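No experiment lies behind these values; they were computed from the predicted model shown. Residue numbers start from 1 in every chain, and the chains themselves are labelled A, B, ... in the order their sequence lines are given, proteins ahead of strands.
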2 protein chains.
Amino acid sequence: MNIGDVAKHAGLPAKTIRYYEDIGLIEPNRSANGYRDFSDNDLHKLRFLGHARSLGFSIEDCRGLLALYEDKDRASADVKHIAEEHLAKIDAKIAELQAMRHTLAHLVKACAGDDRPDCPILADLATARSDTS
Amino acid sequence: MNIGDVAKHAGLPAKTIRYYEDIGLIEPNRSANGYRDFSDNDLHKLRFLGHARSLGFSIEDCRGLLALYEDKDRASADVKHIAEEHLAKIDAKIAELQAMRHTLAHLVKACAGDDRPDCPILADLATARSDTS
DNA sequence: CCTTGACCTTCCCGTGACTGGAAGCCCTAT
DNA sequence: ATAGGGCTTCCAGTCACGGGAAGGTCAAGG
């Protein structure tokens with residue numbers, strides 16, 4: 001299977017697949033003409049990677065997950081550990097964004113949004129230290 | 001004022017301040033010895049930038065906001081527009097993260113996390129189509 | 001046989017917003 | 001005179017790719 005076909009089936013850009021080879025996530029064979037020749041197993045791995053990335057796992061997390069996926073003697077605790085750490089990061093990020101959202105929504109609501117120069121948003125940015133509750 | 005002092009007062013690393021000069025957000029004077037010499041106005045701008053960045057505005061947004069801040073003939077509508085667009089991006093990001101969180105939390109809960117290899121997280125990544133509701 | 005066009009290859013640069021580090025100048029205190 | 005701290009510039013790295021150039025390969029059509 002050439003890269004174009006595998007890209008379609010995995011739902012990933014060819015560029016991304018080459019990149020994944022570069023960083024050692026997959027190791028496709030090569031045909032006589034130098035083209036990459038992907039096996040079914042390569043395709044499975046790429047799909048796996050696509051799904052993991054779409055859940056926000058970092059490439060390094062994906063590397064670990066892939067290794068566990070291929071290790072039939074793994075402990076599910078190791079997988080769960082990676083997922084829990086990632087979940088914690090997601091929660092932290094959500095909290096951070098919601099704090100921003102909170103402040104920003106207040107400011108937007110307070111701003112007249114007309115052709116006059118007075119603007120509570122700029123006023124806040126110019127003075128704010130934190131709590132805009 | 002040297003960069004170290006202004007960094008303390010603005011709450012930004014010196015590196016960041018040099019970077020902001022590089023990209024044209026500020027233009028501090030230079031002392032005879034080649035050191036940057038920051039005015040009170042420079043400090044105000046840096047604080048403004050720090051606050052805007054902490055609300056998640058991009059550098060380009062900050063550039064626009066700073067220009068409006070300095071333009072006494074601005075229309076508050078222009079400021080509000082930038083803020084609303086940013087707010088929409090934040091909301092989109094939050095929604096994306098919450099979708100990830102939703103799926104991931106389910107998977108984590110379903111995983112035994114013991115020393116056995118069976119793992120619904122890996123099973124999901126290996127097959128997942130999307131909706132893990 | 002030749003050409004066309006769609007593939008494929010590698011390589012290098014750019015992204016955003018910095019951060020780290022090297023090499024070297026400046027200033028003050030001892 | 002030397003030690004230290006702070007300042008300068010410049011280069012490289014981060015993360016996960018994406019864009020695009022230069023060139024090789026393959027199948028189909030004239």
Hey, can you tell me if F48(B) and Y69(B) have their rings parallel, tilted or perpendicular (30° and 60° cut-offs)?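 Plane angle under 30°, so parallel.
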
Do any side-chain nitrogens or oxygens of T16(A) fall under 4.0 Å of OP1 or OP2 in dG18(D)?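 It does, given that an N or O in the side chain of T16(A) lies less than 4.0 Å from OP1 or OP2 of dG18(D).
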
Assign Y20(B) to base, sugar-phosphate, or nothing according to its heavy-atom contacts below 4.0 angstrom with the strands shown.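 Sugar-phosphate, backbone atoms only, no base.
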
Separation of C119(A) SG from D124(A) CG (nearest 0.5 Å):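 Reported to 0.5 Å precision, the distance equals 9.5 Å.
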
Distance in Å, L55(A) CG paired with L107(B) CG, rounded so as to fall on 0.5 Å steps: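 The CG atom of L55(A) sits 7.0 Å away from the CG atom of L107(B).
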
Within residues 87-96 of chain A or reaching into it, pairs that qualify as side chain to side chain donor-acceptor pair (under 3.5 Å) - sequence neighbours excluded: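 Applying side chain to side chain donor-acceptor pair (under 3.5 Å) to every pair that reaches into residues 87-96 of chain A, excluding sequence neighbours, yields D91(A)-R101(B).
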
Does D118(A) pair with R116(A) as a salt bridge, N-O distance under 4.0 Å?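 Salt bridge absent between D118(A) and R116(A).
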
Which parts of nucleotides 4-15 of chain D does protein reach within less than 4.0 Å, heavy atoms only, written one letter per nucleotide 5' to 3' as B for base, S for sugar-phosphate only and - for none? --BSBBB-----

Please give, in whole Å, the distance from dC17(D) P to I17(A) CD1?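 The distance from CD1 of I17(A) to P of dC17(D) comes to 11 Å, rounded to the nearest Å.
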
Mind checking which nucleotides bracket the chain A contacts on DNA chain C, 5' to 3', with an atom under 4.0 Å from a heavy atom?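 Boundary nucleotides touching chain A, in 5' to 3' order, are dC7(C) to dC11(C).
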
Restricting to pairs with a member in residues 24-35 of chain A, which pass salt bridge (Lys or Arg N to Asp or Glu O under 4.0 Å), not counting sequence neighbours?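 Listed by first then second residue: E21(A)-R30(A).
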
Can you tell me which residue pairs pass the salt bridge (Lys or Arg N to Asp or Glu O under 4.0 Å) test with a partner in residues 59-80 of chain A, sequence neighbours excluded?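 Listed by first then second residue: K45(A)-E70(A), E60(A)-R63(A).
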
Residues forming a side-chain hydrogen bond (donor to acceptor under 3.5 Å, both in side chains) with S39(A), sequence neighbours excluded: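 Checked S39(A) against side-chain hydrogen bond (donor to acceptor under 3.5 Å, both in side chains); matches are D42(A).
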
